[in-house]
Amino acid sequence: MPATHHVFRAQLTSARRREGFIFFLFGAATYFVLLCGAVVIGTIVVRGAGTVFQARAPFINTTFFTEAPESLHVFQYQGRKMELGDAAFRTFEAAHPDVAKGKSDSYVYSAGGIFPCIVGTVLLVVGSMAIALTLGVCAAIYLNEYARDGTFIRFVRLAILNLAGVPSIVFGLFGFGMFVIFFGWNVSLLAGWFTLAFMVLPVIITASEESLKAVPKGFREGSLALGATKWQTIIKNVLPYALPGILTSSILGIARVAGETAPIMFTAAYVVRDKLPWQVDKFSDFFFQGVMALPYHIYVVSSKIPQNEYTERVQYGTAFVFLLIVALIATASIVLRNRLRNRYKW
Amino acid sequence: MVITAPILMDTLPSAPTIRPATAPAPAATAPAGQAAPAAETLIDIDHVDFFYGQSQALHDVSLQIEDKKVTAFIGPSGCGKSTLLRCLNRMNDLIDGTRVAKGSIKIRGVDIHQADVDVIELRKRVGMVFQKSNPFPKSIYENITFGLRLQGVTNKARLDEVVEKSLRGAALWDEVKDRLNASGLGLSGGQQQRLCIARAIAVEPEVILMDEPCSALDPVATAKVEELIQELRTRFTIVIVTHNMQQAARCSDKTAFFYMGKLIEYADTRNIFTNPANAQTEAYVSGRFG
Ligand SMILES: Nc1ncnc2c1ncn2[C@@H]1O[C@H](COP(=O)(O)OP(=O)(O)O)[C@@H](O)[C@H]1O
Ligand SMILES: [Mg+2]
């Protein structure tokens, strides 16, 4: 007997068809997003790779990572096309007086490297995340563990949520007015740290609060029932378990802090600076110096100077390095997070 | 304000029966030759009304819990057993809007809601084991020493000693002695609950409150915890909430039956189960409702 007439025979009903169509749409949406991400990252990687890597050993363009930006001189010499950075060009000129004066084209920022920008961005990220995590975790502990829910606390929460939606340029202008002008810190690391920290604070506070909420009530009660004070309970038996979650949220914060240009353009970033951050006369000067930064450098190179094939190399190279650094910092926090999570698993 | 009684932390340690170690014999309270020494009241609950915000959970509850005895609270779900238990170490303070509106709870004559009572000291004396076992996500060793470390004990030898003593006390030592540094969460459900009991006895409380300690355990693990309660009864005053009537019958000396926030009957366990005075109690213990 043929099996086509049993009761469970598959039938293509309209509900089935609709389901198939809807799932196809969901899948398509997901893969579309994935595709967009891949195109963006792929472009940067493909076009930046020429700057970051090289054909000769050690295969990485170390100059790009270790030198400051220079002007690029492009000129003809004995029928060959030469491309030399500023310093190299001067040496060359001195050695070959027959280089035709004035016959070379020069392109700013297109030679050398981006070392000061890397250093500046790392300093900005570390400092602002330290400030944001300290303030954010304290605020979250207060809101979640101590504050009694009421109209005022609801208002505070609402304010924090709204702050998360404020455009970063507004934080930049706030930082400029508050730290640079009113506090008189000038364009400095310190002003940039606080401006960036304020920008990510809402996210960190909200996420920290969620992480604290996720710690089971039993851990708190168990500790209190043993005669711990509330503070002892929080420090020994709540916060350690919430830290992995807090770190997860700060990973997003790191990417944002590292990448935003608007908050630092008035508060901390220099277009170009000869000295490196540790080349200061006295220690306190360290906090009051401006720095170069990767996102700002990309902005300057791609919109503040004439565009050509030489600047394009720097743009994509810098963007590529920027991606690498964000990935590196994020990986470090993920590793740290996983360590903590394994230690306190529940 | 006039302070009418010495504060709790001064009173409790000076009481002669507080530590088994410091009370060599009950001779002080029971004159030689007397067959059954009159039980001493440890906790005196006197006409207590308790509210969660506007809703009243306990109505005029009065009972005396005796020293070094096991007292069971039974009754259908939602009748206020946990509420009363959590009043005894003021865990209800953690919930906003709760209050004891009337009456008092005295432990060794000290009203625990008095303004000068330090709730931290109270909770050191009145330990608690929760319905859902809650070992901390730390090592077994750290779980046991948590309470002592809070009190500032750092001496390794002393901590080691307490860990062994408490784990032995909770009948868990042989099972975990080789893995004291493993996470307490790696233990089975029954072991976890015994770990929580060990953690509670490590700070040497006078009273241990247990809120349905076996409700999530299988019969074998339940039997172990019940055995443990039998061993602990000589050293601690135990108050146990249970919805398992056989358990109350097996473990306890006295049983209190609650219904709808009221204490219906409180008597020797034997009487409650064989010869209850109240018709509701009888209906409940014979399984006709609840
Ligand atoms: N946190 C709380 N907030 C408000 N009402 C509560 C809370 N906990 C318990 N109750 C109420 O108090 C009554 C007694 O609860 P509970 O003491 O937990 O009962 P039991 O432990 O006997 O099952 C119930 O009606 C319950 O709904
Ligand atoms: Mg209960």
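Just so you know, these numbers come straight off a predicted model, no measurement behind them.
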Interface moiety of A/K230 toward chain B, non-hydrogen atoms closer than 4.5 Å:
neither

Should the ring pair A/F198 and A/F194 be called parallel, tilted or perpendicular, given that the plane angle runs from 0 to 90° and is split at 30 and 60?
perpendicular

Find out whether B/F136 and B/R199 are in side-chain contact, i.e. whether some heavy atom of one side chain is under 4.5 Å from a heavy atom of the other.
yes

Flag the one option from B/K138, B/M128, B/K132, B/K124 with the top tally of heavy-atom pairs under 4.5 Å to chain A.
B/K138

Quick check for you: among B/D96, B/V129, B/L209, which has the greatest number of heavy-atom pairs under 4.5 Å with chain A?
B/D96

When you measure from the side chain of A/T121 to the backbone N and O of A/L294, does any donor-acceptor pair fall under 3.5 Å?
yes

Given a strict heavy-atom distance threshold of 4.5 Å, which part of B/L150 is in contact with chain A: side chain, backbone, both, or neither?
both

Where on B/V119 is there a heavy atom nearer than 4.5 Å to chain A: the side chain, the backbone, both, or neither?
neither

Between the OG atom in B/S252 and the CD1 atom in B/I238, the distance rounded to the nearest 0.5 Å is 11.0 Å

Look up atom CH2 in A/W193 and atom CE in A/M129, then write down how far apart they are to the nearest 0.5 Å.
14.0 Å

